[in-house]
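All remarks here apply to the structure that follows.
Sequential numbering from 1 along the given sequence is applied to the chain's residues.
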Amino acid sequence: MQHERAAIMALTFCIGFTTALIAYGIPVSDAPVAYVPATQTAALMDAEPEVTPEAPSPTAAPDASTLPPELALSENGLYLIQGETETLISVSAAAAPDLAEAHTAIHQALVSPSGEFVFYCAVTATSDGDCYLRVFDATNFEVRALTVNNEVLIVDPTELSAAWSSDNRLQVNQHVSVSSAAPWVMR
């Protein structure tokens with residue numbers, strides 16, 4: 001009986017991991033969260049890796065103002081990092097428990113290719129597990145709700161699929177933004 005329970009628990013974890021992998025996806029190009037590229041490749045277990053000393057690169061460190069924008073999630077909230085500037089996009093319920101808009105979870109936070117917009121799905125204490133779809137406009141420092149025919153979109157996070165196109169248009173499930181200037185207006 002105990003082995004059956006252990007097998008069921010292991011299967012539950014595998015299903016949960018697979019579901020999370022499908023729901024959140026694997027970033028293909030620009031990683032929206034802090035990303036450290038791998039510098040080593042896998043070697044065969046029996047083979048001894050060759051070690052060759054590398055000369056230090058004469059290139060200078062990149063200027064912080066030319067770095068692509070990144071997202072960071074902390075106990076205080078979701079931040080957009082542009083160079084050395086950090087902008088709080090969505091505050092967490094842990095940091096602001098009395099704020100109705102404070103999130104308890106963030107799903108699929110993505111920076112647009114131009115770096116002007118950030119899409120994210122915020123679960124709040126009052127949303128009953130559903131996500132409020134939002135776009136942060138970094139130029140005007142505004143958070144906008146995604147709408148279709150003037151109706152605010154709210155989805156189950158397990159059914160969410162979002163991506164930015166190369167022309168700064170947002171696609172969320174079957175909806176596509178009307179323009180790249182206002183990706184929060186969907187059709």
Side-chain angles (χ1 to χ4, degrees), residues 23-37 60-127 130-157 159-187:
Y24 299 119
I26 298 174
V28 176
S29 58
D30 295 334
V33 182
Y35 171 72
V36 179
D63 182 15
S65 64
T66 62
L67 294 175
E70 296 178 348
L71 295 173
L73 188 61
S74 74
E75 67 261 357
N76 293 328
L78 178 65
Y79 289 87
L80 174 64
I81 302 170
Q82 296 172 304
E84 295 180 9
T85 305
E86 293 184 6
T87 305
L88 179 63
I89 297 173
S90 179
V91 68
S92 71
D98 297 331
L99 185 62
E101 288 288 318
H103 69 262
T104 57
I106 294 288
H107 297 279
Q108 292 196 14
L110 303 168
V111 179
S112 68
S114 69
E116 294 177 77
F117 304 106
V118 175
F119 166 80
Y120 63 98
C121 185
V123 177
T124 66
T126 60
S127 68
D130 288 334
C131 269
Y132 292 106
L133 304 176
R134 303 283 186 248
V135 172
F136 173 72
D137 180 353
T139 306
N140 299 313
F141 294 97
E142 294 178 330
V143 175
R144 307 273 187 145
L146 263 68
T147 59
V148 175
N149 298 327
N150 295 324
E151 298 276 331
V152 175
L153 282 178
I154 300 172
V155 299
D156 180 345
E159 297 174 2
L160 177 64
S161 174
W164 287 101
S165 67
S166 60
D167 66 345
N168 245 22
R169 292 174 50 160
L170 180 62
Q171 179 177 353
V172 177
N173 295 347
Q174 72 274 14
H175 304 289
V176 178
S177 57
V178 175
S179 74
S180 60
W184 53 87
V185 179
M186 309 292 275
R187 60 175 161 191

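For the pair Q108 (side chain) and A162 (backbone), a donor-acceptor distance under 3.5 Å is present. Put simply, the side chain of S180 never gets that close to the backbone of R169: no donor and acceptor are under 3.5 Å apart. D137 places a side-chain N or O within donor-acceptor distance of the main-chain N or O of T139, the cut-off being under 3.5 Å. D156 places no side-chain N or O within donor-acceptor distance of the main-chain N or O of D130, the cut-off being under 3.5 Å.
Applying the salt bridge (charged side-chain N to carboxylate O under 4.0 Å, His left out) definition to pairs two or more places apart or across chains, none involves residues 170-187.
Counting all heavy atoms, side chain and backbone alike, I81 lies closest to A72 at CD1-CB, 3.7 Å. Annotation for C121 and L160: closest pair CB-CD2, 3.6 Å, computed over non-hydrogen atoms. Nearest approach of N168 to P113, heavy atoms of both residues: OD1-CD, 3.3 Å. Heavy-atom minimum distance, G115 versus P69: CA-CG, 3.6 Å.
Using modelled atom types and a 3.5 Å distance limit, the side chains of H103 and T124 yield no donor-acceptor pair.
Atom CH2 of W184 sits about 14.0 Å away from atom CZ of F119, to the nearest 0.5 Å. Taken from OH in Y120 to CD1 in I106, the straight-line distance is 6.5 Å, to the nearest 0.5 Å. The NE2 atom of H175 sits 9.0 Å away from the CG atom of L146 when rounded to the nearest 0.5 Å. With values rounded to the nearest 0.5 angstrom, S112 atom OG is found 9.0 Å from L170 atom CG. Interatomic distance, CG of N76 versus OG of S90, reported as 11.5 Å (0.5 Å rounding). Interatomic distance, OH of Y79 versus OG1 of T87, reported as 10.0 Å (0.5 Å rounding).
Take S179 and apply the side-chain contact (heavy atoms from CB on, under 4.5 Å) test, not counting sequence neighbours, and it matches A181, A182.
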- Message: With side-chain contact (heavy atoms from CB on, under 4.5 Å) as the criterion, how do V155 and L133 come out once you've worked through the C-alpha distance, each side chain's angles and the decisive distance to 0.1 Å?
- Response: CA-CA 8 Å; V155 299; L133 304 176; 3.8 Å; yes
- Message: Please evaluate residues E70 and V111 with respect to the criterion side-chain contact (heavy atoms from CB on, under 4.5 Å), reporting the C-alpha separation (whole Å), side-chain torsions for both, the decisive distance (0.1 Å), and the verdict.
- Response: CA-CA 7 Å; E70 296 178 348; V111 179; over 6 Å; no
- Message: L71 vs V118, test: side-chain contact (heavy atoms from CB on, under 4.5 Å). Steps then yes/no.
- Response: CA-CA 9 Å; L71 295 173; V118 175; 3.7 Å; yes
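Residue E142 places its CD atom among more than 12 non-hydrogen atoms of other residues, nucleotides or ligands, all under 6.0 Å distant. With a 6.0 Å radius and a threshold of 12 heavy atoms from other residues, nucleotides or ligands, N149 has its CG atom at or below the threshold.
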Distance-only criterion, 3.5 Å: show the donor-acceptor pairs between side-chain atoms of residues 93-101 and protein atoms not counting sequence neighbours.
none

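In this structure, F141 and F136 have perpendicular ring planes: the angle between them is above 60°, well past the 30° mark.
Contact of the M186 side chain with the V172 side chain is registered, since non-hydrogen atoms from C-beta on lie closer than 4.5 Å.
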